[in-house]
Amino acid sequence: MSHEWNIRPRGRSCTACSTPFADGQECVSALFEAANGYDRSDLCLPCWERRTDGGTPFSLWQGVFTAPGEARAKAEPLHRETAETLLRRLVALEDPANLNVVYVLAVMLERKRILVERDTKPHEGGGILRIYEHRPTGDTFIVLDPQLKLDEVGEVQRQVIELLSPGGFAGAGSAAPAAQPAPEVARGRPDFDLLLRGGQVVDGTGAPARPADVGIRYGRIVALGTIPAEATCETRLDVAGCLVTPGFIDTHSHSDAYLVVEPDAPSKIRQGVTTEVVGQCGCSAAPLLGAARHASDWFAHLQAAGLEDATADNFPWRSMAAYRHHLAANGHAPNVVALVGHNLLRAGVMGYAGRAATDDETREMARRLEQALDEGASGFSTGLIYVPGRFSAPEEIQALARAAAARKGIYATHMRSEGDRIEEALAEVLGIARTTGVRVQISHLKTAGKANWGKLEGVLGQINAARAAGCEVHADRYPYCVSATSLDSRLPGWAQADGNAAILARLRDPRSAARVVRELSAGTTPDSWEQVIIGGTTAPELARFRGATLAAIAREWRCTPPEAFVKFLVADQLHTDAFFASMSEENLRRIYSEPWVMVGSDASIRATTGPLSQDFPHPRTYGTFARFLRMALDGALSFGIEEAVRRLTLLPAQAFGLEGRGQLVEGAWADLAVLDPAALRETSTFADPHHYAEGFRCTLVNGQIAFNGRESQQRPGQWLVGRG
Ligand SMILES: [Zn+2]
Ligand SMILES: [Zn+2]
């Protein structure tokens, strides 16, 4: 069937070197635009990595070759027409009249996990091209999603039922053997897959809440308003007394590899989060080339849980395509939008060298960024206080921003300074936005340190001026005034040199310890130690101090806070994490008062059981969305619940270029959060963080239940590609 333009069977051997694929061998499949449709290449990994032809594939994914024979035989029609055989026949006919039926069939098969969506592309003539791979055989189907409206869906369903009925396809002009209906169709499908009755809809645009039922079919919202009582549905959810909103977009997430560890993403899904934007602060899961390493915390959890070779067993990917494939094969509850971490790109090209990049090195970084964007990344991020990103010159970032802008990707940045030099750091970012035209997301916007609180108006003024001049600049912020990092970061610079053994020796030596205490006493006020809160500790006898301030510990130990600080670090061998209340509550509200500020948790997935339940995370991990909405409901922000929901939904969907998301409207993807405003609250605290937020009743992702009192383990999340 290889002559039809929109079915592309997988090759049995590598297109480049002609070596036959072995059963279970990984290969990369790519579609290239050709004169009369698409050419498909299937390459073994060595050929893929050596590929130098430079052509940009129309679509690209990594898969596993399955030996034909059994699998293909199963896929052939026997005596019964199924959705699968019908799809193959209709696709082969290439009749535009069948477009809608073909699409509905493809969605049915995707829901049955027979097809998996590998890519989406806007279609020039309208609609979206969806590239599906047939799991049993690896065949590719290119299907036009005509973005059906509710009244059209009903008609198409009738056609599908007719075609699947005995003799149905013959009636459509084929010599097919008499077919039996698929059981579900023969019964007659209900009007909706899911029906949410009796809720108050807050639609994401900022419009006032209004009573409305929500009908869902094939993953999308197909009815909104008063739905007649006689309407039928597969699953009905009574949501009286609840708000029904678009699912929340966590615009700043570090869940990258955690999505593999806990694909049900409990701490996020249980707060109504349906999409996570990962790969932030310069740190992503891919591409992992050269000297680049995964962030150490990603496998520390697995090692703590007793897994032997945590990285090799669980994080085997290297390219963005392979990461994407790994996630798809594993399944994940929330949708994923991935950015490329600059620190990984840089380390992959030039290791962790503390110098500026050469022109050649910068070009190579840009080339690898382009490849990752072609493989489905939505932009790139920097973490310019971290190694090795901090060694980059602005020109290096500018070159990468230019590459991202050319592919309509976004640039998210943890700036070079968020305190003493924030104005200069911001000027660099805004200059890059101006000269390259890249869309910019400023991560966790703040002016850290009391001495810098007064800089906020100037900072907001700089951003507003850039926006007024036409730059697309947005920001995110977590709704807390406390940051989290290691306790020893508070040591004077000289005391931090030469690694942990040297630092500990200094703190144990009475003379140098006295110098640390002297300098800290001179540089801090006694009540500033009320703002330093102990987080994670490793020494068992110190565990009882988790959540306590250093000031309180000093009182108990009958010493000064700087003395308690030194004693604590020595007793815990420098392994202590701490929280620092370095931000202003008033500034937090002022930042949120700007209409271009959204919410990002700056947190990765946690769960109250299993490998991600053992550490001591910031409460923002479990509470960001509950807390932000609670603030709006309680009048602590300059706006109410409708605008708060817009900040979590439509605003980020627009900023990240996520089509069909962020708004509760007919035709949109059914990513939904259902919450009870009266019960909404966070329960995670610094002292006792592993508790889920309350008041969230149900979370739907792509029209499927991900959470409804507990995780459904459906894992309906998709990989999304944002383009502005
Ligand atoms: Zn950051
Ligand atoms: Zn971050």
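For clarity, every value in this text was computed on a predicted model and none was experimentally measured. Note that the numbering runs from 1 along the sequence shown for the chain. Counting starts at 1 for both ligands and their atoms, following the listed order.
Ring-centre distance between Y622 and H691: not below the 6.0 Å cut-off.
In this view, R439 satisfies the salt bridge (charged side-chain N to carboxylate O under 4.0 Å, His left out) rule with no residue, not counting sequence neighbours.
Closest non-hydrogen pair, S604 versus H254, comes out as CB-O, 3.1 Å.
Neighbours of the Zn ion (ligand 1) restricted to protein N, O or S atoms under 2.8 Å: the count is 3.
Between the side chains of T382 and Y411, a donor-acceptor pair is found at a separation under 3.5 Å. Between R661 and N702, the side chains place a donor N or O and an acceptor N or O closer than 3.5 Å (distance only, hydrogens not considered). Looking only at atom types and distance, the side chain of S601 has a donor-acceptor partner in the side chain of K268 under 3.5 Å away.
The Zn ion (ligand 2) has H254 among its coordinating residues (N/O/S atom, backbone or side chain, under 2.8 Å).
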